[in-house]
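Only one structure is covered here, and it is reproduced in the block below.
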Amino acid sequence: MKRILLAVLLIVAVAANAEIKYVFYFIGDGMGSNQVLGAEMYRSAIQGVPLGRVQSLMSTFPYSGSASTYSKSNGITDSAAAGTCLATGSKTTNGTLGLDENGKQLSTIAEELKQKNWGIGIMTTVAIDHATPGAFYAHVHERNHYYTIGQQLSESGFDFFGGAGFHHPEGKNDDEAVNLYRLAEQKGYTIAHGYEEAQKVLLNDQPQSTMPVQETKLIMVQKDDDQGAKHGSNLPYAIDRKEGDLTLAQIVSTAIPFLDNRYERFFMMVEGGMIDYACHADDAATAFGEFWDMNEAMEVAYKFYQAHPDETLILVTADHETGGLALGNSDYTLKLDILQNQQCSAWFLSDLFTQLFKENKKPSWEAVKKIYKEQLGFWEKVEISADEEKELKEIYKKACHGKAKDAKNMYKSVNALGNEGIALLNKKAHIGWTTRAHSAHAVPIFAIGKKAHLFSGWHDNTEIVPLLRKALK
């Protein structure tokens with residue numbers, strides 16, 4: 001009996017002293033607490049439990065907290081300053097990546113771990129040279145210097161990148177600039193366009209470099225569509241996704257074996273970047289879809305954690321909240337189930353109306369109504385009052401005379417007809433928005449695994465990386 005007890009105590013002691021070998025750092029761009037709760041309550045509503053919530057994986061984690069997000073220069077941060085803080089533990093001014101307010105280079109957790117021979121993976125649903133992924137490897141005064149950030153990506157030596165691709169691979173105002181994909185290949189990266197090509201790399205079905213396996217590196221990007229359209233800025237929204245489109249879960253499921261086969265330890269930053277894009281458009285249904293899409297990627301990491309529970313840490317947070325999302329805009333009810341009638345994003349809906357007006361400068365009101373019916377369920381599944389139809393028709397008349405104003409936001413403007421339709425559906429769901437930009441709302445923190453307890457409670461975002469450094473000794 002004593003021997004059994006000693007054996008059990010020995011196993012417990014070994015587990016307690018085990019070092020973290022695998023870190024998954026999930027960042028929901030624009031994901032405030034209401035984005036989490038709203039997405040869970042929405043899924044509950046469409047599953048027939050209107051007064052409950054279907055929990056996401058992250059909200060089942062045993063440790064949780066919150067973080068403030070203001071930057072060095074502003075009460076409301078941008079993604080560059082927030083990303084820099086989540087990568088380095090230091091605040092900086094809005095628009096700055098990887099530098100402090102005086103221009104001094106900051107060391108990122110990913111760079112530090114790479115120096116200690118960890119495998120490093122950086123992945124996102126937006127461009128791989130966007131603010132949040134760039135914050136882990138780039139050091140520039142202006143986040144919009146995408147070509148420079150792309151050059152620094154290739155110089156980073158990180159092992160795996162996954163996402164939509166590069167924003168401006170050819171560079172701007174420089175005819176002699178080397179294409180960023182070609183530059184990456186010169187630095188030893190294999191470019192895989194889409195999930196199938198990436199799997200071929202894993203299975204050694206493509207010609208391999210003569211370099212040792214640890215020195216081979218991979219960039220996994222969305223392939224061009226059948227019409228040759230490029231997807232360098234972002235992957236398609238989950239709500240707009242077509243068969244064959246790359247997903248964040250596919251990227252994570254590729255990155256894990258790629259890094260695990262090469263290194264004893266690895267660090268992965270995984271960004272759900274399109275939550276932010278949808279919230280900039282005040283588009284709740286699309287934002288909730290992006291949240292659940294990131295949840296699917298997290299489930300891939302969680303399966304790995306279950307196989308290595310004493311050596312893995314999964315940390316989830318956000319860089320900031322976007323949109324000032326309010327769950328409630330009138331009485332004491334929510335009608336989130338109405339959102340299930342939305343069949344496409346605000347961006348896609350806007351494009352449908354744009355195409356309609358290209359084909360006919362003054363299309364019929366019935367043609368406009370047809371799009372509303374098919375994409376938002378208006379009149380047929382969602383009751384539209386006479387006054388609401390009048391408001392929609394007034395915007396239609398302005399559009400016919402070229403006087404309807406687009407709803408502008410940071411990434412892509414939505415035309416008036418698309419914007420009004422989405423706004424009306426959100427209103428009927430009893431959802432409110434205070435802005436099309438970021439807010440100063442606190443963001444959630446969730447953690448599970450080795451040393452996860454360190455991340456409980458209220459924090460400033462400057463504390464997250466120091467706690468991670470502490471967890472990793």
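If you're wondering where the values come from, they're calculated on a predicted model, not measured in any experiment. Atom set for the values below is all heavy atoms of this structure, side chains included, hydrogens, waters and symmetry mates excluded.
- Although no hydrogens or angles enter the test, the distance criterion places a donor-acceptor pair under 3.5 Å between the side chain of Thr317 and the main chain of Pro444.
- For the residue pair Thr132 / Glu271, a side-chain donor-acceptor distance below 3.5 Å is found, with atom types taken as modelled.
- In this structure, OG1 in Thr125 is found 11.5 Å from CD in Gln222, a value given to the nearest 0.5 Å.
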TODO: Determine, step by step, whether Glu19 and Arg265 satisfy the salt bridge (Lys or Arg N to Asp or Glu O under 4.0 Å) criterion, reporting the C-alpha distance in whole Å, the side-chain angles of both residues, the deciding distance to 0.1 Å, and the verdict.
DONE: CA-CA 10 Å; Glu19 294 184 356; Arg265 295 172 172 81; 3.3 Å; yes
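- In this structure, Leu246 and Lys223 have side chains that are not in contact, with every pair of non-hydrogen atoms separated by 4.5 Å or more.
- Taking the side chain as every heavy atom from C-beta outward, Glu311 and Ile20 never approach each other to under 4.5 Å.
- Atom CE in Met220 sits 8.0 Å away from atom CG in Leu202 (nearest 0.5 Å).
- Formation of a donor-acceptor pair under 3.5 Å by the Gln343 side chain with backbone atoms of Asn341 is found in this model.
- In this structure, the side-chain contact (heavy atoms from CB on, under 4.5 Å) partners of Glu155, at least two apart in sequence or on a different chain, are Lys187.
- For the ring-ring contact (aromatic ring centres under 6.0 Å, His included) test, residues two or more places apart in sequence or in another chain that qualify with Tyr302 are Tyr305.
- Every residue meeting the ring-ring contact (aromatic ring centres under 6.0 Å, His included) condition with His167, not counting sequence neighbours, appears here in chain and number order: His130, Tyr146.
- With sequence neighbours left out, Ser107 forms a side-chain hydrogen bond (donor to acceptor under 3.5 Å, both in side chains) with Glu112.
- Under the ring pair (Phe, Tyr, Trp, His ring centres under 6.0 Å) criterion, no residue pair touches residues 58-102, with sequence neighbours excluded.
- For the pairing with Cys85, the side-chain contact (heavy atoms from CB on, under 4.5 Å) check across Thr69, Asn461, Ile464, Val465 returns one residue only, Asn461.
- With a 6.0 Å radius and a threshold of 12 heavy atoms from other residues, nucleotides or ligands, Glu196 has its CD atom at or below the threshold.
- The side-chain heavy atoms of Phe160 and Thr254, taken from C-beta on, include a pair separated by under 4.5 Å.
- One finds the NZ atom of Lys114 at 12.0 Å from the OG1 atom of Thr108 (value rounded to the nearest 0.5 Å).
- In this structure, Phe291 has its ring center at least 6.0 angstrom away from the ring center of Tyr42.
- A side chain to side chain donor-acceptor pair (under 3.5 Å) with Trp433 holds for exactly one of Asp282, Asn426, Asp283; it is Asn426.
- Atom CZ of Arg43 is separated from atom CG of Leu336 by 13.5 Å, given to the nearest 0.5 angstrom.
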(message) Glu321 vs Ser439, test: side chain to side chain donor-acceptor pair (under 3.5 Å). Steps then yes/no.
(response) CA-CA 6 Å; Glu321 193 275 347; Ser439 76; 2.5 Å; yes
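- Within 6.0 Å of CD in Glu264 there are 12 or fewer heavy atoms belonging to other residues, nucleotides or ligands.
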Listed pairs under 3.5 Å, donor-acceptor, residues 74-82 side chains, sequence neighbours left out:
unit_1 : atom_1 : unit_2 : atom_2 : d
Asn74  : OD1    : Asn94  : ND2    : 3.4
Thr77  : OG1    : Ala82  : N      : 3.3
Asp78  : OD1    : Ala80  : N      : 3.4
Asp78  : OD1    : Ala81  : N      : 3.0
Asp78  : OD1    : Gly95  : N      : 3.2
Asp78  : OD2    : Gly95  : N      : 2.9
Ser79  : OG     : Asp319 : OD2    : 3.4
Ser79  : OG     : His320 : NE2    : 2.9

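- Side-chain atoms of Tyr277 and Ser345, non-hydrogen and from C-beta on, never get closer than 4.5 Å to each other.
- With ring centers used as reference points, Tyr263 lies 6.0 Å or more from Trp118.
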Lys91 vs Asp100, salt bridge (Lys or Arg N to Asp or Glu O under 4.0 Å): CA-CA, chis, key distance, verdict
CA-CA 7 Å; Lys91 288 188 185 292; Asp100 69 11; over 6 Å; no
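- At least one donor-acceptor pair closer than 3.5 Å links the side chain of His280 to the backbone N or O of Arg436.
- The shortest side-chain heavy-atom distance between Thr312 and Lys450 does not fall under the 4.5 Å cut-off.
- Taking the ring centre of Tyr237 as origin, the terminal cationic atom of Arg241 falls outside the region bounded by 6.0 Å and 45° from the ring axis.
- By the side-chain hydrogen bond (donor to acceptor under 3.5 Å, both in side chains) test, Gln355 pairs with Glu359, sequence neighbours left out.
- Atom NZ of Lys72 has 12 or fewer neighbouring heavy atoms from other residues, nucleotides or ligands inside a 6.0 Å radius.
- Residues passing the ring-ring contact (aromatic ring centres under 6.0 Å, His included) test with Tyr181 are Phe166, sequence neighbours excluded.
- Checked against side-chain hydrogen bond (donor to acceptor under 3.5 Å, both in side chains), Ser66 has no partners two or more places apart in sequence or in another chain.
- The minimum heavy-atom distance linking Val252 with Val270 is given by the pair CG2-CG1, 3.8 Å.
- Side-chain contact annotation: Glu101 with Thr92, donor-acceptor N/O pair under 3.5 Å absent.
- Using a 4.5 Å heavy-atom threshold, the side chains of Leu99 and Leu106 count as separate.
- Asp159 contributes a side-chain N or O that, together with a main-chain N or O of Ile120, makes up a donor-acceptor pair within less than 3.5 Å.
- Residues satisfying the side-chain contact (heavy atoms from CB on, under 4.5 Å) criterion with Ser44, sequence neighbours excluded, are Val49, Val54.
- Side-chain contact between Val126 and Leu235 is absent, with no heavy atoms from C-beta onward closer than 4.5 Å.
- Test Phe26, Tyr25, Phe446 against Ile314 for side-chain contact (heavy atoms from CB on, under 4.5 Å) and you get one pass: Phe26.
- Phe266 pairs by the ring-ring contact (aromatic ring centres under 6.0 Å, His included) definition with Tyr22, Phe24, Phe304, not counting sequence neighbours.
- In this structure, the side chain of Asn409 engages the main chain of Lys412 through a donor-acceptor pair within 3.5 Å.
- Taking His168 as the reference, nothing meets the side-chain hydrogen bond (donor to acceptor under 3.5 Å, both in side chains) condition, with sequence neighbours excluded.
- Inter-residue side-chain proximity for Val23 and Leu472 is flagged as met; some heavy-atom pair is nearer than 4.5 Å.
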